[in-house]
Each structure stands twice: as C-alpha cells, then as structure tokens.
Amino acid sequence: MELELNGTSVDHFELIQDSGYSREETLEMIVPDACPDIVQVVDTWGFCCLTRREVTDSGALLVGRVRVTILYIPEGDGGLQKLEAELPFQHLSECAQVDGSTRLLVNAWVSSAETRILNPRKVLIRTDLCEKIQLYRLQTLRVYGTLDADEALGLQTRQQQEQADLVTQTAEKAFVLEEELSLSGIRSVSAVPLQLRPEAFWVEARLIGSKLVLKGTAQIQSLWQEEGGGLIPNSFELPFSQMLDAAGVGEGAQYQACVQIQSWQTGQPSGDGRSLPITLDLCAQAVFCERIPFAFIADAYSVYYPTELHTEQWAVCRQSQEESRQSVREFAPCEQSIQTILDCHEELGLVQVAREDSQYTVTVPISAAVLCLDEKGDLFSVLRSFSVSLQPPCPPEQRLRCSCTLLQMEALPAAAGLELRGTVMLRFQAMEETLITGLAGLKVDQEHPQEYAGQPSVVLRRPAPSESLWDIAKRCSTTCQEICSANGLAEDQPLGNQMLLIPRKR
C-alpha cells in the first residue's frame with residue numbers, strides 16, 4: 001500500500017544565469033562640416049543609456065546606446081571643441097532555461113572610452129561596455145513533512161527542521177529626476193557646456209513593511225567654456241529616494257539592488273546662462289531573499305511490515321551579506337607641470353572574484369582620466385588604470401558574489417604627477433549550498449509482515465560509534481521510545497558506550 005504524504009510548497013526564484021560581459025563597441029566618425037579640423041584629442045568619456053531590456057525565448061535582450069563626448073583642440077584659435085556621438089548596441093545573453101516566469105536584473109555601464117585620430121576629419125571611437133546580467137526563474141520547492149497512516153501499521157517517522165535562503169520577490173521601478181542646475185562661477189552668458197556627465201547609484205536601503213526605501217544620488221559633472229576660452233568646472237549631486245514594492249516580503253529579508261540610467265536630456269540654459277534644466281530617466285531594480293523554515297521527513301519505517309522508501313534531494317542555500325568600504329590612493333605620474341585640475345572622471349570594470357587555496361581575492365579594475373592645465377595654460381589629460389584588491393573573510397566552501405560602487409574620486413597635484421583619492425564600496429554575498437535528502441514516497445508491504453516467531457523479545461546490544469538511537473530502533477524493528485523506556489534514557493541523551501536493552505516491538 002502506498003501512503004499519501006502531506007507536503008508544503010514554497011514558491012521562489014532560482015538564479016539560472018549570473019553573467020558578466022565586457023564588450024567593445026566602436027564607431028568611425030566623420031567630423032561634421034561645421035566643426036574645425038582636429039589637431040589633438042584631450043579627453044573622451046561615455047555613459048550607457050539602457051533603453052530596453054527584456055526576457056525573450058532565447059535569453060536576456062539588452063538594447064541601448066553609448067553616448068560619447070570628445071574634447072579636442074582644433075586647428076586655429078577657436079578654443080576647445082567637442083564632438084558628440086552615439087554608439088547603438090544590442091546584445092542577447094543566451095539562456096536555454098528561460099520561461100514566462102523569468103525575471104531579469106541587469107546593469108550596464110561604460111568602463112573606458114578613447115578616440116584615435118585617423119585624419120583631421122575622421123576619428124575612431126572605441127568604448128568598453130560592461131554588462132552584469134542575472135536571470136531568475138520561478139520554481140517551487142515542495143517537501144513532505146507529515147503523513148497520515150493507521151496506527152496498526154506501526155509507522156515511525158523521523159522529522160527534521162531546515163532553513164533555506166530563497167529569492168521570494170523581485171521589484172522594479174522607473175522614475176524621473178527633473179532639476180534646474182544652478183551654475184556657479186560662470187561670468188559669461190554665452191558660456192557653453194563642453195561636458196555633462198551623469199552617474200546614478202544607491203547608497204542606502206531599508207525595508208519598511210512591504211516597501212524597500214532606496215536612497216541614492218545622481219551625480220553630474222560638467223565643464224563649461226566661457227567666451228574667450230576660459231574653462232569652468234561644476235559638480236552637482238541630486239539625491240533621490242524611491243520606494244519599491246516588495247509585497248509579501250518580511251522585514252528581515254536581504255536584498256540586492258541596482259540603479260540604471262535609461263535616458264538623459266538637457267534643455268536650453270536660462271537665467272542669463274546660469275541655469276540648466278536636466279531630465280534623467282532612471283530605473284531601480286531589486287531582488288529579495290528570505291530565510292524560509294520548513295520541516296521534512298528524513299526517514300521512516302514500520303515495526304511490523306517491510307517498507308519501500310522513495311527519496312528526493314534538495315539543494316538548500318544559506319547566504320550572508322556584508323558591506324565594506326575601501327579607501328583608494330593611487331599615484332599617476334606626469335611629465336608636465338600641473339597648474340589646475342579641471343575634471344576627474346573614473347570608471348569601474350567588471351569585478352573579478354578568484355579563489356586560491358583557502359582564500360578569495362576580489363579585484364576591482366579602475367580607469368581614471370584627469371583633465372589638467374599646465375603653467376602655460378595648455379590643456380592635457382593624465383590617464384591611469386589600476387586595480388583595488390581585497391580579501392574578504394569568506395570560507396572556501398562558500399561561493400562569493402559581489403558588486404561595487406565608486407562613491408567618490410578626486411585628483412590632487414603631487415610631485416611629478418597627481419594623486420587619486422577615493423572610496424570604493426563593495427557589497428558581498430557569501431553562499432553555502434547543502435544537499436538534503438527527504439522522503440517523497442512510502443510503500444508498506446502488508447502482505448508480508450515481519451516474522452518474529454522464535455526470536456527473543458529483548459536483546460542486549462552495544463551501540464556502534466556512529467549509530468544513533470534512530471539507527472538502532474530501525475535496525476531492530478522497535479521504536480526509540482521503547483529503547484529509552486527500557487534503559488531510562490532521554491531521546492536526546494548521548495548513547496555513549498553502554499550496553500542497551502533492546503525490546504522488540506510485537
């Protein structure tokens with residue numbers, strides 16, 4: 001006879017893809033007729049607008065454009081000039097496991113950009129585009145914790161308690177930041193923006209009820225050129241606070257989040273050229289992980305009849321989250337004498353996680369470009385690429401995932417160069433996966449009951465070193481309660497090396 005087990009179902013999202021990509025996007029560009037010939041490129045930077053992201057039958061589709069600004073010294077005395085370009089891109093990250101329930105968490109950014117002069121009227125633009133893609137598919141964890149059976153079957157069950165960290169919800173919210181930037185230090189109403197560089201990230205989050213309150217900053221670095229060629233830098237911070245719906249998630253849940261630029265527009269300067277309207281379209285995404293307790297039947301047997309067990313294995317994941325801030329100090333040599341630092345921008349590459357022996361090492365590549373004036377007033381750039389490494393305290397049997405945000409970076413003049421200073425914020429997830437085995441089916445052979453005729457009703461037995469009370473009771477077709485009663489033991493008491501009276505259940 002096959003018995004019916006009572007099961008518990010937990011819906012959750014399984015991570016089916018966690019990938020990082022670094023791809024090169026290039027464009028050959030003709031200098032517009034209205035622009036003078038290029039003599040020297042002094043700076044190139046770009047940022048990513050991710051205009052479309054979706055899950056298709058084949059995987060994760062990303063569509064967007066890289067917006068690039070090139071600052072160059074022209075032929076003649078026209079002052080610093082700029083070129084702007086857009087590099088459209090489309091990328092399909094293939095995954096055969098996607099279905100209609102799959103959710104996508106993605107972040108894309110430009111890690112470096114450069115321009116090579118092919119001739120005074122033509123340039124080659126090259127950018128490195130980084131993408132971090134995670135796909136989650138809805139799954140159901142079903143375990144069996146109890147069964148209903150007639151007492152006459154003499155069934156004994158061993159139930160175990162377990163906990164699993166499961167992704168139970170995802171959330172997404174698009175929002176708009178509109179602001180009038182008040183420019184400082186600009187004296188001329190005819191000043192023009194040479195650079196407007198946006199960046200958005202979150203720095204603090206808190207789960208309140210069913211809402212995740214996400215606080216962050218949109219930073220905008222700008223460089224303006226006044227009539228006569230004077231250069232004026234401006235920096236702005238636009239704080240934001242958004243609430244993402246996390247319906248059904250408990251306040252003790254862990255979460256990971258990202259903020260992505262979708263589009264960026266500027267209006268015409270107003271207020272005598274000292275005010276600039278901007279519109280920034282952003283999207284915040286988050287996934288929520290909860291610790292879910294459940295009970296399952298680990299083993300069963302009958303004291304009267306042979307039994308046939310059908311078991312299943314489940315992978316149980318437990319994870320912990322930590323946050324760490326790492327100070328950055330890097331020297332960038334320079335042969336020219338630095339009089340003024342006009343701008344400093346830096347980009348992160350893909351975070352690399354490596355494990356050697358019993359230690360993890362996390363490496364964060366950083367590319368920095370600093371725009372300077374020398375003592376003669378000539379413009380030049382200092383470029384520096386370096387890495388920040390640290391070793392988080394994560395046991396080797398656990399898997400490690402991490403994300404990184406560069407909170408701030410500044411450049412200061414130093415002897416024979418400049419010093420870069422900043423702070424890197426790293427968020428770690430350490431995960432440990434364990435396989436557990438539980439009962440999924442049980443058959444009792446009532447046609448062939450156990451034969452006890454001629455066998456003693458009590459035996460004397462010494463436990464083996466690895467035997468538990470359950471193991472002895474099952475092997476001897478009795479119960480744990482009977483053994484404890486015959487020997488004056490508690491069920492949670494260690495057996496030790498003593499001889500035990502084993503009464504047979506009849």
Side-chain angles (χ1 to χ4, degrees), residues 15-25 45-48 50 59-60 62 66 89 91 93-95 104-114 126-136 199 201-203 254 256-260 285 287 317 319-332 345-369 383-409 420-433:
L15 181 62
I16 59 175
Q17 183 178 5
D18 185 12
S19 303
Y21 300 93
S22 180
R23 301 183 296 109
E24 185 179 272
E25 299 288 341
W45 68 271
F47 70 95
C48 174
L50 193 58
L62 309 184
V66 176
F89 66 86
H91 177 218
S93 177
E94 294 185 353
C95 180
L104 171 62
L105 185 74
V106 61
N107 196 19
W109 69 96
V110 176
S111 62
S112 66
E114 64 178 8
R126 189 196 67 80
T127 65
D128 286 325
L129 178 64
C130 293
E131 298 165 349
K132 184 65 176 176
I133 297 173
Q134 291 182 332
L135 288 168
Y136 293 85
E199 182 184 11
F201 51 87
W202 70 276
V203 293
Q254 297 180 347
Q256 63 178 107
C258 66
V259 177
Q260 176 68 52
Q285 291 183 288
V287 296
C317 181
Q319 68 179 42
S320 60
Q321 289 190 169
E322 290 188 23
E323 186 176 288
S324 173
R325 300 195 179 201
Q326 178 84 11
S327 297
V328 177
R329 297 188 69 171
E330 182 74 14
F331 178 74
H345 61 88
E346 61 289 324
E347 308 294 345
L348 298 176
L350 282 176
V351 176
Q352 305 294 324
V353 179
R355 185 176 69 181
E356 185 175 349
D357 297 330
S358 61
Q359 182 66 62
Y360 277 101
T361 300
V362 176
T363 303
V364 183
I366 300 176
S367 297
L383 306 178
R384 182 67 171 170
S385 295
F386 59 97
S387 295
V388 176
S389 295
L390 66 158
Q391 294 181 321
C394 179
E397 65 272 11
Q398 298 182 357
R399 291 183 293 118
L400 184 68
R401 287 205 304 258
C402 60
S403 59
C404 181
T405 302
L406 192 57
L407 294 181
Q408 58 188 28
M409 180 72 79
L420 299 168
R421 295 181 183 178
T423 302
V424 170
M425 182 165 68
L426 288 151
R427 297 183 176 94
F428 302 100
Q429 280 186 317
M431 294 157 291
E432 184 174 4
E433 196 171 84

Taking C-beta and beyond as the side chain, do I366 and S385 meet within less than 4.5 Å on heavy atoms?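 Sidechains of S385 and I366: no contact.
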Taking C-beta and beyond as the side chain, do V106 and L50 meet within less than 4.5 Å on heavy atoms?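 Result yes, sub-4.5 Å side-chain heavy-atom pair found.
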Side chain of [X], backbone of [Y]: donor and acceptor closer than 3.5 Å?
X    : Y    : answer
R355 : P396 : yes
W45  : A113 : no
W202 : A257 : yes

Rounded to the nearest 0.5 Å, how far apart are [atom1] of [X] and [atom2] of [Y]?
X    : Y    : atom1 : atom2 : answer
T363 : L350 : OG1   : CG    : 12.5 Å
S327 : R329 : OG    : CZ    : 9.0 Å
S112 : E346 : OG    : CD    : 13.5 Å

List in chain and number order the residues that pass side-chain contact (heavy atoms from CB on, under 4.5 Å) with E432, two or more places apart in sequence or in another chain; answer none if no residue qualifies.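 side-chain contact (heavy atoms from CB on, under 4.5 Å) check on E432 returns E397, Q398.
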Shortest non-hydrogen contact from [X] to [Y]?
X    : Y    : value
G349 : W109 : O-CZ2, 3.8 Å
M425 : R427 : CE-NH2, 2.7 Å
T423 : R325 : CG2-CB, 4.1 Å
T361 : Q391 : OG1-NE2, 3.4 Å
A108 : E131 : CB-CG, 4.2 Å
L348 : S111 : O-CB, 3.3 Å

Look at atom CD of E94 and say whether more than 12 heavy atoms of other residues, nucleotides or ligands are closer to it than 6.0 Å. no
Counting neighbours of CD on E433 that are heavy atoms of other residues, nucleotides or ligands and sit closer than 6.0 Å, is the number greater than 12?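 Correct, the count exceeds 12.
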Electrostatic pair D18-R401, nearest N-O below 4.0 angstrom: yes
Side-chain donor-acceptor pair under 3.5 Å between [X] and [Y], yes or no?
X    : Y    : result
S93  : Q17  : yes
Q134 : Q256 : yes
S22  : D128 : no

Which is it for V351 and V362 under the side-chain contact (heavy atoms from CB on, under 4.5 Å) test, yes or no, and what are the steps along the way? CA-CA 7 Å; V351 176; V362 176; 3.6 Å; yes
Holding to side chain to side chain donor-acceptor pair (under 3.5 Å), I want the full list of residues that pass it with Q260, two or more places apart in sequence or in another chain.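 So Q260 forms no side chain to side chain donor-acceptor pair (under 3.5 Å) with any residue.
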Check ring-ring contact (aromatic ring centres under 6.0 Å, His included) between F386 and all other residues, then give those that pass, not counting sequence neighbours. none
I would like to know whether R23 and F89 meet side-chain contact (heavy atoms from CB on, under 4.5 Å); could you show each step before the answer? CA-CA 10 Å; R23 301 183 296 109; F89 66 86; 3.8 Å; yes
